[in-house]
Amino acid sequence: MNVVFMGTPKFAVPTLEALAQAGHEISGVITQPDAMRDRGKKLQPTPVKEKAVELGIPVYQPAKIKNNEEFLATLKELAPDVIVVAAYGKILPAEVLIIPPLGCVNVHASLLPKYRGAGPIQRAILEGEEKTGITIMYMAEGLDTGDMLSKAETSIEKKTAEELTEELALMGGKLLVETLPLLESGEIQGEVQDDSLATYAPMISKKDGQIDFEKSAVEIERQVRAMIPWPGAYTYYKGELFKIWEASTMDETGNNAPGTVTAASGDGIVISTKEGSLVAKTVQIPGKKRVSAADYLKGNSIELLRVLG
RNA sequence: CGCGGGGUAGAGCAGCUGGUAGCUCGUCGGGCUCAUAACCCGGAGGUCAGGGGUUCAAAUCCCUUCCCCGCAA
């Protein structure tokens, strides 16, 4: 099939690869414009652009999609049978959605209708879901509201958002190439989403990483996993940023105020919470690398009974 | 050239108002102990990221290269 692919971050790359590997003719790749991504450096291409260039596919990076006649014309010229979208980063207007005969198909990282939106993976972890997955769906004008075509599941367990993203990305590419032929032959039809079950997963922001020790240790541990690789779960120790990259929980709540450091050893830095205690296993302070609690304590002292936050 | 922190023994850090380097952990040897990831004694281990400069003398001051990281995006 003649496919136009739209995607931006790392998550979208395996889908692009899967499409190419499945032998589809990818006439164009649309991705976000290059932007300043790293410190000090200059413009950086998106992961999808890098892969597209590697595959020798023409790349388009329109600054905007809406009311962009030139882009619309280009898209029509590419004459895709279907447009595949994976974490592109912008809402597609109706005039784009109607271009491909087979429609626009989205690879979404949740089991819709739950977790519509830009942060489905992290939100599923935060909420303590046992499983999540991939939904391949038609795109509609609403946010992730289109009819569903296929799904695949995986368990969350103690995975981090980074691990889940990688896993789901691969899963998404696989499921997509399995779904496309069925779509082309008309063997499957979209299943309408039950809006009453829908939840919204807003994009993760820096602030989502701030730890609130008034929550339970279990919730905070989920937050730690959900904030990997970005922005990282953090609190403050003596006014300085203190990130926790890996943690476990203990049942003991104790009598200390939430956020109090109650113990520090090679096994971890124990912090009391509203319910249970959090044991920080891997931490990081500004300008330094992530280190195990044991390594951290070799050269840094931690004041017991100090309250973090 | 977005702002900033940092590269010192295997690991994590101190020293940085210049005079050949120190702490904690680990490691090796010994001692104590019923016993120990405990304690005591002793030892090994460092071109102080690379290059250049200032100086009688630089980890410490100046210039530069490489690498790591926090913030901001």
Side-chain angles (χ1 to χ4, degrees), chain A residues 6-13 30-51 59 61-65 87-91 117-119 121-123 160-163 165-166 201-213 220 223-248 250 252 259 261-271 277-309:
Chain A
M6 302 180 73
T8 297
K10 236 173 136 188
F11 171 79
V13 173
I30 322 294
T31 190
Q32 295 291 332
D34 295 354
M36 306 254 282
R37 279 165 223 291
D38 270 315
R39 132 199 49 192
K41 296 176 182 174
K42 300 196 170 178
L43 292 182
Q44 296 278 296
T46 70
V48 163
K49 180 181 181 179
E50 287 186 327
K51 177 55 70 178
V59 176
Q61 299 176 281
K64 62 169 190 170
I65 301 288
Y88 172 61
K90 275 197 168 58
I91 306 261
I121 299 171
Q122 295 92 325
R123 299 293 171 191
T160 65
E162 186 171 36
E163 292 164 342
T165 298
E166 191 181 337
M203 185 161 66
I204 294 298
S205 73
K206 174 80 187 170
K207 199 104 181 15
D208 289 307
Q210 177 146 15
I211 295 171
D212 175 6
F213 289 103
I220 297 169
Q223 181 184 13
V224 168
R225 278 185 287 124
M227 295 305 121
I228 294 174
W230 186 89
Y234 61 90
T235 180
Y236 294 91
Y237 174 67
K238 294 187 177 178
E240 278 217 316
L241 191 66
F242 190 87
K243 289 192 172 184
I244 298 176
W245 290 106
E246 198 183 347
S248 60
M250 291 198 318
E252 309 164 29
V261 177
T262 57
S265 72
D267 295 328
I269 296 163
V270 183
I271 307 157
S277 294
L278 189 76
V279 185
K281 300 280 194 183
T282 302
V283 302
Q284 180 178 37
I285 53 177
K288 296 297 186 179
K289 299 186 186 183
R290 304 176 186 185
V291 291
S292 66
D295 280 351
Y296 178 79
L297 294 170
K298 283 175 187 168
N300 305 81
S301 60
I302 262 241
E303 212 173 289
L304 293 184
L305 300 184
R306 183 95 187 182
V307 178
L308 302 179

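Residue numbering restarts at 1 for every chain, and letters A, B, ... go by the order of the sequence lines.
To the nearest angstrom, P of B/rG4 lies 17 Å from CD of A/Glu240. Taking atom CD1 of residue A/Ile285 and atom C1' of nucleotide B/rG5, one finds them 10 Å apart after rounding to whole Å. Rounded to a whole Å, the CG atom of A/Leu43 is 13 Å from the C1' atom of B/rC1. Residue A/Leu297 contributes atom CG, which lies 12 Å from atom P of B/rC25 at whole-angstrom precision. B/rC69 atom C1' lies 15 Å from atom OH of A/Tyr296, rounded to whole Å.
You'll find that the side chain of A/Leu241 is closest to B/rC71, out of B/rC68, B/rA11, B/rC71. Of the candidates B/rC71, B/rA14, B/rC25, B/rA14 carries the atom nearest the A/Lys288 side chain, counting heavy atoms from C-beta on. Of the listed nucleotides (B/rA14, B/rG70, B/rA11), B/rG70 has the atom at the smallest distance from the side chain of A/Lys243. The listed nucleotides are B/rA11, B/rC13, B/rC69; the one nearest the side chain of A/Asn300 is B/rC13. Among B/rC25, B/rC68, B/rA73, the nucleotide with an atom closest to any side-chain atom of A/Trp230 is B/rA73. In this structure, of B/rG70, B/rA14, B/rC25, it is B/rG70 that holds the atom nearest to the side chain of A/Pro286.
Here the OH-CD1 distance, from A/Tyr234 to A/Ile244, works out to 12.5 Å after rounding to the nearest 0.5 Å. Distance CD1/A/Ile30 to OG1/A/Thr46: 11.0 Å, rounded to 0.5 Å. Taking CG from A/Asp208 and CD from A/Gln223, the interatomic distance works out to 8.0 Å, rounded to the nearest 0.5 Å. Atoms CD1 and OH, from A/Ile271 and A/Tyr237 in turn, are 11.0 Å apart once rounded to the nearest 0.5 Å.
Put simply, the side chain of A/Trp230 does not reach to within 4.5 Å of the side chain of A/Glu162, judged on heavy atoms.
A gap of 15 Å separates the P atoms of B/rG2 and B/rA73, to the nearest Å. Distance check on atom P: B/rC41 versus B/rC23 gives 13 Å, rounded to whole Å.
Using N1 to N3 plus N6-O4 or O6-N4 for Watson-Crick, or N1-O2 and O6-N3 for G-U wobble, each under 3.5 Å, B/rA14 pairs with nothing. When Watson-Crick and G-U wobble pairs are counted only if both distances are under 3.5 Å, B/rG70 pairs with B/rC3. Within the shown strands, B/rC28 is the pairing partner of B/rG42 under the Watson-Crick or G-U definition, both distances less than 3.5 Å. Across all strands shown, B/rC34 remains unpaired; no Watson-Crick or G-U wobble contact has both distances below 3.5 Å. The base-pairing partner of B/rA59, taking Watson-Crick or G-U wobble contacts with both distances under 3.5 Å, does not exist among the strands shown.
The side chain of A/Lys206 contributes an N or O atom lying less than 4.0 Å from OP1 or OP2 of B/rC71. In this model, the phosphate group of B/rC69 is not approached by any side-chain N or O of A/Gln284 to a distance below 4.0 Å at OP1 or OP2.
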